[in-house]
Amino acid sequence: MKYIAAYALCALSGNTPAKADVEAVLKAAGVAVDAARVETLMTEMSGKAFDELVAEGQKKMSSGAAAPAAAAAGAAKPAAKAAAKAAEPSDDDDDEMGGLF
């Protein structure tokens with residue numbers, strides 16, 4: 001994540017980040033730079049617009065997040081009903097004390 005964050009900071013300047021730019025941001029943040037990781041990041045990002053990737057990711061997050069949330073809400077309803085039913089006092093409570101009360 002540190003490497004992607006450094007790339008993002010460089011991209012926010014409006015220029016396409018260079019390897020040296022990303023390394024400089026990492027060093028300024030006190031991160032020990034792994035040249036292989038920077039090279040992998042630069043290879044993966046080559047030819048791609050950072051802003052477009054962010055926009056695509058936001059679309060995926062917004063469309064994919066709704067389905068699990070809805071499923072979780074649907075699953076929570078029966079669980080809530082079961083919990084409410086379990087919390088109802090029982091008429092059998094008198095029998096637990098051997099009919100003393």
Side-chain angles (χ1 to χ4, degrees):
M1 271 319 254
K2 295 174 188 174
Y3 291 82
I4 295 171
Y7 188 93
L9 286 171
C10 293
L12 287 173
S13 71
N15 299 322
T16 302
K19 183 178 176 179
D21 299 331
V22 174
E23 289 175 345
V25 170
L26 290 168
K27 287 177 185 175
V31 175
V33 178
D34 180 354
R37 289 180 74 181
V38 174
E39 187 61 39
T40 301
L41 174 65
M42 299 308 291
T43 301
E44 291 293 322
M45 296 299 293
S46 177
K48 299 176 184 173
F50 183 76
D51 294 337
E52 291 173 12
L53 291 174
V54 170
E56 286 177 34
Q58 287 178 331
K59 286 180 188 175
K60 289 180 182 179
M61 294 289 288
S62 65
S63 66
K77 289 179 183 177
K81 287 181 182 178
K85 187 174 182 177
E88 291 177 6
S90 166
D91 292 336
D92 297 337
D93 289 342
D94 295 337
D95 295 337
E96 292 176 13
M97 298 299 291
L100 291 173
F101 300 101

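Here the structure is a predicted model, which is why all the values come from computation and not from measurement.
- Closest of all the heavy-atom pairs between K2 and V31 is CD-CG2, 4.0 Å.
- The nearest pair of heavy atoms linking C10 to V22 is SG-N, 3.9 Å.
- Atom OG of S63 is separated from atom CE of M61 by 10.0 Å, given to the nearest 0.5 angstrom.
- Side-chain contact between R37 and L41 is absent, with no heavy-atom pair separated by less than 4.5 Å.
- Side-chain heavy atoms closer than 4.5 Å link hydrophobic residues (I, L, V, M, F, W, Y) into clusters, and following such links, even through other members, never connects V25 to L53.
- Between atom OG1 of residue T16 and atom NZ of residue K48 there is a gap of 14.0 Å, rounded to the nearest 0.5 Å.
- To the nearest 0.5 Å, atom CG of residue L9 and atom CD1 of residue I4 are 12.0 Å apart.
- A pairwise comparison of heavy atoms in K19 and M42 identifies N-CE, 3.5 Å as the closest pair.
- A pairwise comparison of heavy atoms in Y3 and V38 identifies CE2-CG2, 3.5 Å as the closest pair.
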